[in-house]
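Some notes on the structure that comes next.
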Number of protein chains: 2
Amino acid sequence: MRPPAPPPARWRTRPRDNPASVVTYDVRQGASRATINEVATGAGVSIKTVSRVMNGEPNVRRATRERVRRVATELGYEPNPQARALAGRRTFSIGLLYENPHEFGYVQRAFEGVFAACEAGRYTLLLRPCGDGSRGAGGPSAKEVLGFVTQTRVDGVILTAPLGDDKALLEALRANGTPVACIAPREADPRLCSVRARDRSASRALTEHLLSFGHRRIAFINGDPRHGASAERLAGFREGLRAAACRADERLFVDGGFDFPSGEDGARRLLGISPRPTAIAAANDEMAAGAIAAAHALGLRVPADISVVGFDDSPAASRTWPPLTTARQPVFEMAQATTADLIEQLRTAGTPRQRVFDCPLVLRGSVAAPAARKSGRAEPQHAATRSAHADS
Amino acid sequence: MRPPAPPPARWRTRPRDNPASVVTYDVRQGASRATINEVATGAGVSIKTVSRVMNGEPNVRRATRERVRRVATELGYEPNPQARALAGRRTFSIGLLYENPHEFGYVQRAFEGVFAACEAGRYTLLLRPCGDGSRGAGGPSAKEVLGFVTQTRVDGVILTAPLGDDKALLEALRANGTPVACIAPREADPRLCSVRARDRSASRALTEHLLSFGHRRIAFINGDPRHGASAERLAGFREGLRAAACRADERLFVDGGFDFPSGEDGARRLLGISPRPTAIAAANDEMAAGAIAAAHALGLRVPADISVVGFDDSPAASRTWPPLTTARQPVFEMAQATTADLIEQLRTAGTPRQRVFDCPLVLRGSVAAPAARKSGRAEPQHAATRSAHADS
DNA sequence: TCCCCAAATGACAACGCTATCAACCTTTGT
DNA sequence: ACAAAGGTTGATAGCGTTGTCATTTGGGGA
């Protein structure tokens with residue numbers, strides 16, 4: 001329920017002894033806009049015909065259509081979205097929900113993709129943080145999200161990273177009949193639009209890249225376990241080691257939370273282990289950047305003393321020194337694609353679509369051969385594997 | 001004018017030979033929500049009284065008010081915002097416009113502040129990039145912004161950084177009667193809400209901080225000239241030098257664009273100058289991070305060989321190695337404050353308010369005394385100046 | 001030429017709320 | 001006890017669209 005808002009100023013503003021019954025308050029859009037009625041009159045048709053033209057509906061004679069369009073342009077007519085929503089029972093708006101403020105770079109890129117698709121589809125986008133990110137775990141209650149949906153009346157929502165795995169939330173949205181698209185959910189529910197990256201294979205490729213330089217003691221900083229991507233990236237890492245018959249030292253696995261400080265922490269701990277790992281793979285770039293900072297703080301050179309790889313190719317990846325070798329998650333494209341799918345579903349009541357994107361490696365300066373110790377090789381064994389970049 | 005949207009699926013979906021006249025299309029909010037009528041009936045009052053209660057209007061008997069509230073809660077009633085907007089001629093939504101994609105960190109923090117204020121004031125927020133940022137100069141046409149305003153019917157807009165200085169845009173918005181709030185405009189127009197930081201004095205304090213460590217050859221990387229803050233920060237820097245009777249070497253001033261690459265470039269050029277500067281002040285943190293990367297690339301140690309300071313205390317500032325000494329621009333608080341002012345103006349038709357915030361220094365690891373050369377001092381001359389952090 | 005069907009168009013009732021203003025209660029003062 | 005002055009409440013008319021369904025128009029074939 002809507003808590004009472006502070007009383008609008010109308011009452012306060014209007015002087016008690018002012019005999020004029022006209023309300024003095026007026027901080028509104030100045031020029032009153034043309035309405036569908038004026039266009040209809042101007043074009044000599046009914047408002048229904050204008051409506052048809054504005055919405056691209058069929059069964060309007062070409063000449064009529066053009067006349068209406070011309071008059072609408074002349075009058076600078078823009079349909080009132082609120083009236084459309086009220087009469088048409090849909091708002092042509094969607095909500096983009098996100099949770100953790102740490103990884104805002106990710107949300108930013110997702111936002112841009114979603115926004116692009118909304119523009120193209122003439123939908124309005126509402127960006128909405130939810131769940132107390134600072135509170136850490138817990139996540140947003142389904143109630144909070146549902147409140148947002150019923151308050152704003154968005155036609156559908158897009159859930160970023162960990163939200164798409166919240167069973168209670170998904171169930172609540174389903175019960176409410178709200179179409180949903182998930183970005184990077186743990187698994188692709190066929191009843192929902194979704195888009196995922198091939199985290200596992202990209203992570204494996206990254207691992208093979210390190211192995212190809214001769215690294216054998218590679219540490220791994222895991223991501224936030226609430227994100228499906230974390231497990232996939234870890235699995236890809238292990239796959240890579242296994243395929244190269246490289247035994248994993250379990251001490252070289254630490255947990256992180258996808259943010260810079262956790263990468264710093266994790267790396268500090270890892271670099272204290274003896275024998276020291278020669279490379280660190282972090283489950284995302286933020287943590288990799290933290291790892292680089294930790295290495296610097298310990299007086300180690302990157303990549304001479306320690307190689308580091310990240311994941312995502314976020315802006316942070318090109319802002320470290322040295323810049324990060326990583327795998328590019330095409331977040332913009334992913335977000336754009338699934339948003340377009342959602343809008344398509346909204347329009348046509350078609351079936352939801354699931355997509356998967358590849359993450360090509362991006363080779364930069366944070367990897368080198370391990371320093372010759374007892375068994376070190378100075379040169380990489382072979383060129384880096386590059387997975388193709390293509391939409392499936 | 002609204003270009004024709006692709007035809008909704010209703011026509012395509014409905015089979016031609018389907019005798020049922022009921023439209024088969026239905027991807028809408030499932031459960032139909034309670035309306036004001038049902039609440040009115042349930043509480044045994046007229047809809048007008050329900051409206052009064054929901055809007056916190058006066059002149060409703062306490063008992064009636066409570067009864068209405070109870071029924072509304074029971075029914076899970078949420079006023080339909082579109083109907084409210086249509087009838088009340090205001091949407092209770094505002095738009096946050098931003099231009100440059102480079103500095104998204106800034107926009108992010110601004111967004112959070114604006115969002116917080118909108119939540120508190122029960123306004124909906126529309127985030128809207130505008131102007132082709134990649135196109136560099138040019139900026140968004142007033143037309144584009146006006147199109148956004150008339151299409152969405154937002155009640156007011158907030159303009160971030162360089163937008164608040166676009167005369168044509170401001171004039172167009174004024175003519176349209178749209179209330180405006182500006183974040184970090186060049187000057188505070190008394191007819192508009194605005195919020196600025198004391199860029200000049202903070203920049204001066206930062207400069208004095210460097211001087212106190214014994215630096216005399218300090219270079220400056222300027223920001224995007226379209227931002228008012230750039231000139232202020234430069235002026236503060238010069239003031240600081242002048243006050244210390246430190247003559248400025250004009251070769252040590254380079255232009256930047258507030259982004260990482262321009263900081264990198266600028267620093268590379270500066271570090272090639274002989275005699276080399278012992279410190280670099282960048283007009284923001286992104287560029288300072290670029291400067292640090294450039295220094296590293298040239299094999300210089302920060303801060304042993306070269307000190308660096310930034311501005312803003314953006315997330316980037318604590319992700320560099322070493323972390324940046326900088327001045328904290330309280331973007332969240334600034335954005336929140338001016339948004340609250342705008343909402344207040346929207347509600348009460350009061351006069352717009354202008355605010356100024358201080359930027360306290362944040363001392364981290366990127367500053368040290370210059371390496372002893374011929375006149376170097378090893379120790380700072382006195383403790384760093386810290387400006388107070390207070391809202392004016 | 002006339003009829004029939006489909007295409008084209010319009011009339012009008014929603015949609016769910018706010019604004020206006022009249023009407024109805026309470027007080028308060030005398 | 002009675003009026004005047006407020007406080008409280010409700011009836012009703014929009015707000016600017018879309019949805020439904022009836023009506024008009026335009027051809028083409030018999």
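Here the structure is a predicted model, which means the values were calculated and not measured. We name chains A, B, ... by the order of the sequence lines, and we start the count at 1 in each one. Just the heavy atoms: all of them, side chains too, but no hydrogens, waters or symmetry mates, feed the values below.
- Of the two residues near DNA chain D, B/Arg62 and B/Ala83, the one whose nearest nucleotide lies more 5' is B/Arg62.
- Nucleotide C/dC15 holds its C1' atom 13 Å from the CD atom of B/Glu38, rounded to whole Å.
- To the nearest angstrom, P of C/dC17 lies 16 Å from CG of A/Asn80.
- As a whole-Å value, the separation of A/Glu57 CD from D/dT17 P is 14 Å.
- Between the side chain of B/Asn55 and the backbone N or O of B/Ser51 there is at least one donor-acceptor pair closer than 3.5 Å.
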Short heteroatom pairs, N/O only, protein and nucleotides 10-14 of chain C, under 3.5 Å:
| unit_1 | atom_1 | unit_2 | atom_2 | d |
| --- | --- | --- | --- | --- |
| C/dG10 | OP2 | A/Ser46 | N | 2.8 |
| C/dG10 | OP2 | A/Ser46 | OG | 3.2 |
| C/dG10 | OP2 | A/Thr49 | OG1 | 2.7 |
| C/dG10 | N7 | A/Arg52 | NH2 | 2.7 |

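- Between the side chain of A/Ser194 and the main chain of A/Cys182, no donor-acceptor pair closer than 3.5 Å is present.
- Computed from coordinates, the A/Arg90 CZ to C/dG16 P distance equals 16 Å when rounded to whole Å.
- If you take CD1 of A/Ile36 and P of D/dC15, they are 14 Å apart, rounded to a whole angstrom.
- Nucleic acid contact class of B/Asn59 (heavy atoms, under 4.0 Å, all strands): base.
- OP1 or OP2 of D/dT8 has not a single side-chain nitrogen or oxygen of B/Thr64 nearer than 4.0 Å.
- The side chain of A/Arg61 contributes no N or O atom lying less than 4.0 Å from OP1 or OP2 of C/dA8.
- Relative to the ring axis of A/Tyr77, A/Arg33 does not place its NZ or CZ within 45° and under 6.0 Å from the centre.
- Rounded to an integer number of Å, the gap from A/Glu78 CD to D/dT17 P is 10 Å.
- The cationic group of A/Arg128 does not satisfy the cation-pi geometry with A/Tyr98, failing either the under 6.0 Å distance to the six-membered ring centre or the 45° limit from the ring axis.
- With B/Thr160 contributing its side chain and B/Ile183 its backbone, the two residues share no donor-acceptor pair below 3.5 Å.
- One can place CZ of A/Arg84 at 9 Å from P of D/dG19, the figure rounded to the nearest angstrom.
- A salt bridge links B/Arg62 with B/Glu66: the closest approach of a Lys/Arg side-chain nitrogen to an acidic carboxylate oxygen falls below 4.0 angstrom.
- The distance from atom CD of A/Gln82 to atom P of D/dC15 is 16 Å, rounded to the nearest whole Å.
- Applying the 4.0 Å criterion to OP1 and OP2 of C/dG16, one finds that B/Asn37 has every side-chain N and O outside that range.
- Between the A/Thr49 side chain and the A/Val45 main chain, no donor and acceptor come within less than 3.5 Å of each other.
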